[in-house]
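Structure, as structure tokens:
Hydrogens, waters and symmetry mates are skipped; everything else that's a heavy atom, side chains included, is used. Order of the sequence lines sets the chain letters (A, B, ...), proteins ahead of strands, with each chain counted from 1.
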Amino acid sequence: MQTDSSTSDAPTFVPLGLAGGQGKTTVGLLLGRLLASYGIPVLFVDADPQASLTAFLGVTPADDRPTLLEVITSPEKKVPLYSAIQPVPNNEKLFLIPANDQLENANHYLAASPMSLSMLRSRLYQKGENLNPQDRIATNFSIIIVDPPPERSHLALTSLGAGNLWAIPAEANVKGVQSLMRTLELIQTYQSFLPHGTLSGVIPFRARWVGLNPTTTTKQSIEVMTELAGAENMLPHILESDVYKRAINDQLLPRDLGYPNLEYPLLALVRRIQSALDDSVKEVLRGVKEVSE
Amino acid sequence: MSLMDKIRREANSPTVKVPPRQDVFVPMKQDAELSLPDTGLVVDEEMPEVNQVVQAGQDPHILSLEAELAKYPVVSSKKVGVRLEEPILEEIQELCRSSDITVETLLESFYFTCKGKDMLMRQVIKDAKSRVQRRTKAGNIRSILTKSKNIRSGHLSS
């Protein structure tokens, strides 16, 4: 299934979380792979110096090639945005602005800038650059997915600032509830400065079930999350399952491992965000049975 | 050429390259000599052999920084509050701002420059003494005025 370049700007999706292991990379990566499987071009942006997303996508940036560090710290005349984008191996619809551990330097650069909250967004949407629409990155992709670091840092803030669509995956336990609380507070603090951003939903992560019932911890955690975020913001949870880890490690989707049902929370997320996508993408998704059902 | 073609071509034959990146946590080498402006203070280039004092677990970089710090004069922790005549305060603040110095370092520099010159020092002290007399007189007048006001308004307790 092919899509033409969209004429409107791609929205930026950012899974947020101020603690590690909450599912940000899992959600972002699998969402991107799922959309790409429908022929939708996706640009990933790895904003975490740990560079997990870069590794999971099988990209190894050469030392002398631009990464997100140079996108943030260098002017576009020196490092045009396209030069930092690398195709993902074995998938013609996936692309990545990679990271490596030197991306840590960007925190210091952003700390000294009064524009840190909007820096990444300005670069991704090439604000101030005199370009034809067909040469703009945001019109050549249907969605941009940013993977932020799991801490309250300038890179996390600029990732938040880049987003049109925020989602908060959070483990269904005490740590996850705390992460959700802190992340909701972060959004609340900066929302007034980011009118283009909106919370798409909260995704309980690594929910545990025994037979047909959730464990007590899972059940109670999801109840607290519902109180914190509001029932309207709660999305279907992602189960604790090795299938997701295998899919990520093998650069596949759960369906490729024989578990299409495990994609249900991701399909729910696609349904939630599709109104923000370009009309041509909506048309594609209308034709996808598991999305339109 | 479409943008996607450009991206793929760049991946195969990069035209935009970046220089080696400096790790923010690795201290940069100090190549230049370190010397202060001519105030009679110059940092001695010969530094103690830190290898001889490195103990187990001590960072030699920290030790060399501490040795270097020891060569600088110690700034007193005691603060001296200075109140200046308004026009002079404005001029000094402007001078400090435009010269990128502080009031404290200006005062130190004035003193340091004058103290070796007897005639100049005597002139400065003579002027300072007359300023003290003026301030004392002005302070006495303010005190009388305040007491008069209090008496007139009946606030002064007997």
Side-chain angles (χ1 to χ4, degrees), chain A residues 2-5 41 43 49 59-89 92-111 126 131-141, chain B residues 1-37 43 47 50 54 57-69 72 75 93-106:
Chain A
Q2 298 293 316
T3 56
D4 295 329
S5 298
L43 174 63
V59 173
T60 310
D63 287 341
D64 61 353
R65 290 243 19 230
T67 63
L68 184 63
L69 172 65
E70 283 77 28
V71 169
I72 288 173
T73 61
S74 297
E76 74 277 3
K77 284 190 177 57
K78 271 183 104 171
V79 179
L81 188 57
Y82 79 86
S83 67
I85 297 175
Q86 300 199 23
V88 168
E92 62 170 27
K93 292 298 176 186
L94 293 181
F95 295 78
L96 168 71
I97 298 179
N100 56 25
D101 60 7
Q102 268 103 47
L103 181 58
E104 194 65 52
N105 293 350
N107 274 319
H108 300 268
Y109 177 89
L110 289 167
Q126 297 174 287
L131 294 167
N132 294 323
Q134 65 267 23
D135 291 330
R136 292 182 62 242
I137 297 298
T139 56
N140 278 272
F141 292 94
Chain B
M1 187 190 300
S2 74
L3 184 66
M4 293 306 203
D5 290 335
K6 229 168 153 181
I7 290 170
R8 290 191 175 94
R9 188 186 65 173
E10 186 69 19
N12 292 325
S13 313
T15 57
V16 178
K17 303 221 175 162
V18 299
R21 299 174 182 108
Q22 173 72 34
D23 189 320
V24 68
F25 292 117
V26 173
M28 294 179 68
K29 283 189 181 173
Q30 298 285 345
D31 290 329
E33 286 182 12
L34 181 66
S35 64
L36 297 171
V43 174
M47 294 173 58
V50 282
V54 168
Q58 286 205 315
D59 185 345
H61 179 64
I62 299 290
L63 285 170
S64 71
L65 284 175
E66 284 175 353
E68 195 178 320
L69 183 62
Y72 286 83
V75 176
Q93 282 177 329
E94 177 54 32
L95 173 64
C96 289
R97 191 197 59 76
S98 60
S99 308
D100 205 19
I101 56 177
T102 63
V103 176
E104 291 88 350
T105 51
L106 180 66

message: Please rank Lys78(A), Gln102(A), Arg65(A), Arg136(A) by heavy-atom pairs under 4.5 Å with chain B and give me the top one.
response: Arg65(A)
task: Verify whether one side chain among Glu10(B) and Thr15(B) offers a donor that lies under 3.5 Å from an acceptor in the other.
output: yes
Flag for Asn107(A)-Glu104(A): side-chain donor and acceptor within less than 3.5 Å: yes
task: Please lay out, stage by stage, how Arg21(B) and Asn100(A) fare under the test side-chain contact (heavy atoms from CB on, under 4.5 Å).
output: CA-CA 11 Å; Arg21(B) 299 174 182 108; Asn100(A) 56 25; 3.4 Å; yes
task: Check whether Thr67(A) gets within reach of chain B through its side chain, its backbone, both or neither, counting any heavy atom under 4.5 Å.
output: both
message: Taking side chain as everything from C-beta outward and backbone as N, CA, C, O, which of these in Leu69(A) sits under 4.5 Å from a heavy atom of chain B? Side chain, backbone, both or neither.
response: side chain
Residue pair Val18(B) / Asp63(A): nearest heavy atoms and the distance that separates them: CG2-O, 3.8 Å
query: Tell me, side chain or backbone of Gln134(A) under 4.5 Å from chain B's heavy atoms, or both, or neither?
result: backbone
